[in-house]
Amino acid sequence: MAETANDIVSRRMRGLDRAFEILEFLRVKRQPMRPNEIATEIGAPRSSIYELVNLLLGHGMLDYQGGDGRVFLGRRLYFLGTAYAEQFDLMRECGRMLGVLAEETRETAQMCLLEGNKYTVAMMREGIRPFRISSNVGELVAIPWTASGRLLVAHLSDREILDFIPPGDFVLPNGRRLDPADFIAQVRQAAEDGYFTFNSEVENFTHCFAVPIHQADGACIATLCLVTPREDGLRNRTAYLDSLLKAAHEISEKLGFRSSKGRFFGS
């Protein structure tokens, strides 16, 4: 039977979805891999993966790296990324503001987002203090492990939060399970306070500060964060929160958000 127009469109859409899946898989994996390894990892037919890999290589979206037929994200993606950064005000504004925060506080400043149902550091500027704290930009982390996570899901209902976060992500790095009800209570309190701070669940001896960046409808679309040595963070808590809140407020206003809460600790 001849393939209909709808069949052709459907097949092409599935191929496009699979191509994006390959790119996302390599982004998360962060290492070159052979097409047959990619097929095994994502559970796809080898023939279709080889076909799509060759197509992506031809368009510069993938490049050969590491020998033995291994491929990784291509240089053309870099140029697409720079074009995106030039036009997307949020990234440009956050990049500028992170530089200000790192210089002002001498601490590591980050801009963080949700990536699917995980948290990730999208941008980072290290402070100038001798003791430096850094994270892997783009690494996916369980939402309950992070200060930002309490703010990034605050627009969801309790039920939506439980459906959104995988149950296993409530198990913290030390093996302790965070009660989802306690997490939701922290989410609601963070939304009310306009910030969240705690001793890091991921890095020992660090204290994390997170404040929300709001878009026009009030949803938190990103956070500005400081990751500090624990004692310094507690000692400078008021000053650090004041710097973060002012920075986030400035960016949120440029995105069209208006708030009646001028919550700056130094004012």
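Between Glu126 and Thr108, the shortest heavy-atom contact is CA-OG1, 4.1 Å. Heavy atoms only, all atoms of each residue included: Leu162 and Pro180 are closest at CD2-CB, 3.6 Å. Residues Met111 and Ala222 approach most closely at CE-CB, 4.2 Å, considering heavy atoms. What you find for Ser252 and Pro212 is that their closest heavy atoms are OG-O, 4.2 Å. Of all heavy-atom pairs spanning Leu57 and Val71, the tightest one is CD2-CG1, 4.1 Å. Residue Ala19 comes nearest to Leu52 through the heavy atom pair N-CD1, 4.0 Å, listed as atom of the first residue, atom of the second, then distance.
In this structure, CD on Glu115 lies 11.0 Å from CD1 on Ile143, to the nearest 0.5 angstrom. Considering CZ of Arg150 and CD1 of Ile184, their distance stands at 11.5 Å, rounded to 0.5 Å. For the atom pair CD1 (Ile221) and NE2 (His155), the distance works out to 11.0 Å, reported to the nearest 0.5 Å. A distance of 11.0 Å separates CZ of Phe183 from CG of Asp158, quoted to the nearest 0.5 Å. How far CD1 of Ile165 is from NZ of Lys118: 9.5 Å, rounded to the nearest 0.5 Å. Annotation: the span from Phe164 atom CZ to Ser157 atom OG amounts to 12.0 Å, rounded to 0.5 Å.
At distances below 3.5 Å, at least one donor-acceptor pair connects side-chain atoms of Thr120 with backbone N or O atoms of Glu139. Although no hydrogens or angles enter the test, the distance criterion places a donor-acceptor pair under 3.5 Å between the side chain of Asn54 and the main chain of Tyr50. For Arg106 (side chain) and Ala102 (main-chain N/O), no donor-acceptor pair under 3.5 Å exists by modelled atom type. Side chain of Arg230 to backbone of Asn199: no donor-acceptor contact under 3.5 angstrom is found. For the pair Asp68 (side chain) and Arg70 (backbone), a donor-acceptor distance under 3.5 Å is absent. The closest donor-acceptor contact from the side chain of Asp63 to the backbone of Arg75 lies under 3.5 Å.
Counting only heavy atoms from C-beta outward, the side chains of Leu152 and Thr146 never approach each other to under 4.5 Å. Counting only heavy atoms from C-beta outward, the side chains of Pro166 and Asn117 approach each other to under 4.5 Å. Here the side chains of Glu93 and Leu255 are not in contact, with every heavy-atom distance at 4.5 Å or above. Taking the side chain as every heavy atom from C-beta outward, Leu62 and Leu23 approach each other to under 4.5 Å. For the pair Glu250 and Lys254, the minimum side-chain heavy-atom distance is below 4.5 Å. The closest side-chain heavy-atom distance from His207 to Thr197 is below 4.5 Å. Side-chain contact between Thr105 and Asn236 is absent, with no heavy-atom pair separated by less than 4.5 Å. Residues Ile42 and Arg18 form a side-chain contact, since some pair of their non-hydrogen atoms from C-beta on lies under 4.5 Å apart.
The cluster map of Ile, Leu, Val, Met, Phe, Trp and Tyr, joined by side-chain heavy atoms under 4.5 Å apart, puts Tyr195 and Met97 in the same cluster. Leu226 and Leu234 fall into different hydrophobic clusters, where Ile, Leu, Val, Met, Phe, Trp and Tyr side chains are chained together by heavy-atom contacts under 4.5 Å. Residues Leu16 and Leu56 are members of one and the same hydrophobic cluster, defined by side-chain heavy-atom contacts under 4.5 angstrom among Ile, Leu, Val, Met, Phe, Trp and Tyr. Under the 4.5 Å side-chain contact rule for hydrophobic residues, Val28 and Ile22 do not share a cluster. Placement of Leu151 and Met124 in two distinct hydrophobic clusters is found when ILVMFWY residues are connected by side-chain heavy-atom separations under 4.5 Å, directly or transitively.
Within a 6.0 Å sphere centred on CD of Gln31, other residues, nucleotides and ligands contribute more than 12 heavy atoms. Around the CZ atom of Arg188, the shell of radius 6.0 Å holds more than 12 heavy atoms that belong to other residues, nucleotides or ligands. Counting non-hydrogen atoms of other residues, nucleotides and ligands closer than 6.0 Å to CD of Glu21 gives a total above 12. More than 12 heavy-atom neighbours from other residues, nucleotides or ligands sit within 6.0 angstrom of CD on Gln65.
Contact check on Arg34 versus Glu37 returns a salt bridge, with a Lys/Arg side-chain nitrogen under 4.0 Å from an Asp/Glu carboxylate oxygen. With respect to Glu104 and Lys246, no salt bridge is recorded, no charged nitrogen being found less than 4.0 Å from a carboxylate O.
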Should Cys94 and Ile213 be marked as a side chain to side chain contact (heavy atoms under 4.5 Å, CB included) after you check the CA-CA gap, both sets of side-chain angles, and the distance that decides it? CA-CA 10 Å; Cys94 285; Ile213 295 173; 3.6 Å; yes
I would like to know whether Phe209 and Arg237 meet side chain to side chain contact (heavy atoms under 4.5 Å, CB included); could you show each step before the answer? CA-CA 9 Å; Phe209 298 79; Arg237 182 174 186 273; 3.8 Å; yes
Side chain to side chain contact (heavy atoms under 4.5 Å, CB included), that's the test. Do Ile38 and Phe25 meet it? Break it down for me. CA-CA 8 Å; Ile38 297 172; Phe25 171 77; 4.0 Å; yes
Kindly determine whether Thr40 and Arg46 satisfy side chain to side chain contact (heavy atoms under 4.5 Å, CB included), including the steps that lead there. CA-CA 8 Å; Thr40 298; Arg46 291 187 181 185; 4.2 Å; yes
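Take Asp217 and apply the side chain to side chain donor-acceptor pair (under 3.5 Å) test, not counting sequence neighbours, and it matches Gln215.
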